[in-house]
Amino acid sequence: MTPSDFILHNSSLILPAAVRPPWPDELPRLADAFPKYPRHHATRPLLLLTSAGGVERIGGVAGVSDPVNGMAALTLHLRPRFLAEPDTGLATLLDAVAGLARSLGAHTLHTTDSLTPADPRVTALRRHGFAHARTDEVWRTEFTEMLPRLDRVHQRLETVGRLAGHTVTPLAEADLPEVRALMLAAGLLRPERVFLLPADDQAASRGHHAALSPVVRRAGRLVGALLARYSGDGVTFEAQAVDPACIGGLDLANHLTLRGVAQAGLAAGRTHMVFSADTAKAPATIRMARRMGGRRLNEFVVLARAL
């Protein structure tokens, strides 16, 4: 990519700046300057570079993923002064990012960093054409709180015969095509997401753990699934989907998958479950977390910009 030179105003200094991909020998500098930048992800990085006194400095880095269905993920890490007004090069960096994303076939950019509403990158990106796309809340629920409540509901359902015809089994390789289709139809996971079922617990953090990922069928038909994996002393609940035809009233598939992961988590010696939920698309999941005595850990926003 041809560097784009422009004038950078910073207080009384006028510094030339450029945007270009990093050289291979700059990657260690990049890791030192921005330790939280996900450089191992499949992104194409661009550097914001400034020069002062003949020394080239890295002011920021932005990564663009290969687009899926026209959408490319953006990750952005900058030194604080590059986020402040007046603009100090961010516009040029984002223009270069947009040009790169368009050249890859993208029509939309969306943020992929964990941006809290107070993150200064949110304000800066809004100044440059990004708009709010969604808000995700992160919750933690304790299995010892969840399971007694779910067991009481389960006993009532069994008593009135509501659970007849339903089966709950751990996720198996044979389930993956149907589970993937269910998750993608619900818009919960991006199409390029690889569905892994590791063969042992050592590898489980890189995929979905079978015992922790219950699959619910009614009369043999898949009606619900929950994908989870080990994370420290807890369980990360990545996604849960229910057949739309089964939603309404008491959601049996939702109940059965939650009870399944709580039972499996406790049996494995885990204490809690952590998950995120889109506040607009999954209000029922957030209500469930509150009913189970859950604690909201954080809130993140996703921003998007049409190209």
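All figures in this text were calculated on a predicted structure; none of them were measured in a lab. Just the heavy atoms: all of them, side chains too, but no hydrogens, waters or symmetry mates, feed the values below.
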Full working for side-chain contact (heavy atoms from CB on, under 4.5 Å) between Glu178 and Arg217: CA-CA 11 Å; Glu178 287 180 279; Arg217 294 182 181 274; 2.7 Å; yes

Stepwise side-chain contact (heavy atoms from CB on, under 4.5 Å) check, His107 with Arg102: CA-CA 6 Å; His107 57 65; Arg102 278 193 295 266; over 6 Å; no

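- Of the inter-residue distances, the one linking Glu158 atom CD with Asp151 atom CG reads 9.5 Å to the nearest 0.5 angstrom.
- Using a 4.5 Å cut-off on side-chain heavy atoms (C-beta onward), Leu46 and Pro21 make contact.
- Proximity of a side-chain donor or acceptor of Arg127 to a complementary backbone N or O of Ala91 within less than 3.5 Å is not detected.
- Put simply, the side chain of His77 reaches to within 4.5 Å of the side chain of Pro38, judged on heavy atoms.
- Atom-to-atom distance recorded for Thr285:OG1 and Phe237:CZ is 5.5 Å, nearest 0.5 angstrom.
- Leu252 has its side chain out of reach of Val242: every pair of non-hydrogen atoms, C-beta onward, lies at least 4.5 Å apart.
- Heavy-atom minimum distance, Ala106 versus Leu307: O-CD1, 3.7 Å.
- If you chain together hydrophobic residues whose side chains sit under 4.5 Å apart, Val223 and Val168 fall into the same group.
- Under the 3.5 Å distance criterion, the side-chain polar atoms of Arg259 are left unmatched by any main-chain donor or acceptor of His154.
- One finds a salt bridge joining Asp95 and Arg305 here, because a Lys/Arg side-chain nitrogen approaches an Asp/Glu carboxylate oxygen to under 4.0 Å.
- For the pair Ala304 and Ala133, the tightest heavy-atom approach, listed with the atom from each and the gap, is CB-CB, 4.1 Å.
- Taken from CG in Leu47 to CZ in Arg29, the straight-line distance is 8.0 Å, to the nearest 0.5 Å.
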Intermediate values then yes/no, side-chain contact (heavy atoms from CB on, under 4.5 Å), Leu266 and Met146: CA-CA 11 Å; Leu266 275 178; Met146 289 177 63; over 6 Å; no

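- A continuous path of ILVMFWY side-chain contacts below 4.5 Å connects Met273 to Tyr230, so both sit in one hydrophobic cluster.
- The backbone N or O of Thr75 sits nowhere less than 3.5 Å from a side-chain atom of Thr112 that would complete a donor-acceptor pair.
- Judged by distance alone, with hydrogens and angles left aside, the side-chain atoms of Glu145 form no donor-acceptor pair with the main-chain N or O of Glu142 at under 3.5 Å.
- The minimum heavy-atom distance linking Val19 with Ala96 is given by the pair CG1-CB, 3.6 Å.
- Atoms CG and CG, from Leu78 and Leu83 in turn, are 5.0 Å apart once rounded to the nearest 0.5 Å.
- Closest heavy-atom contact between Val97 and Ala62: CG2-CB, 3.6 Å.
- Under a hydrophobic-cluster definition in which Ile, Leu, Val, Met, Phe, Trp and Tyr are linked whenever side-chain heavy atoms come within less than 4.5 Å, directly or via other members, Val274 and Met292 are assigned to different clusters.
- Looking only at distances, no side-chain donor or acceptor of Ser213 sits under 3.5 Å from a matching main-chain atom of Ala210.
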Test log, rule side-chain contact (heavy atoms from CB on, under 4.5 Å), inputs Arg296 and Arg290: CA-CA 9 Å; Arg296 194 179 78 160; Arg290 291 195 179 101; over 6 Å; no

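- Side chains of Leu104 and Arg44 form a contact here, defined as non-hydrogen atoms less than 4.5 Å apart.
- Follow the hydrophobic side-chain contacts under 4.5 Å out from Val138 and you never reach Phe143; the two are in separate clusters.
- When every heavy atom of Leu125 is checked against every heavy atom of Leu115, the shortest pair comes out as CD1-CD1, 4.4 Å.
- One N or O on the side chain of Arg121 and one on the backbone of Leu76 form a donor-acceptor pair closer than 3.5 Å.
- Cluster annotation: Phe300 and Tyr37 are assigned to distinct hydrophobic clusters (Ile/Leu/Val/Met/Phe/Trp/Tyr, side-chain heavy-atom contacts under 4.5 Å, transitive).
- For the atom pair CG (Leu150) and CG (Leu256), the distance works out to 9.5 Å, reported to the nearest 0.5 Å.
- Residues Leu93 and Phe82 have side chains not in contact (no heavy-atom distance under 4.5 Å, counting atoms from C-beta outward).
- Looking only at side-chain heavy atoms (C-beta outward), Thr123 and Pro120 stay at 4.5 Å or farther from each other.
- No side-chain heavy atom of His110 sits less than 4.5 Å from a side-chain heavy atom of Phe130.
- Salt bridge Asp243/Arg221: present, at least one basic N to carboxylate O contact under 4.0 Å.
- Taken to the nearest 0.5 Å, the NE2 atom of His209 stands 12.5 Å off from the CZ atom of Arg229.
- Listed here is the closest heavy atom pair of Gly89 and Leu48: O-CD1, 3.9 Å.
- Side-chain contact between Leu258 and Gln240 is present, with heavy atoms from C-beta onward closer than 4.5 Å.
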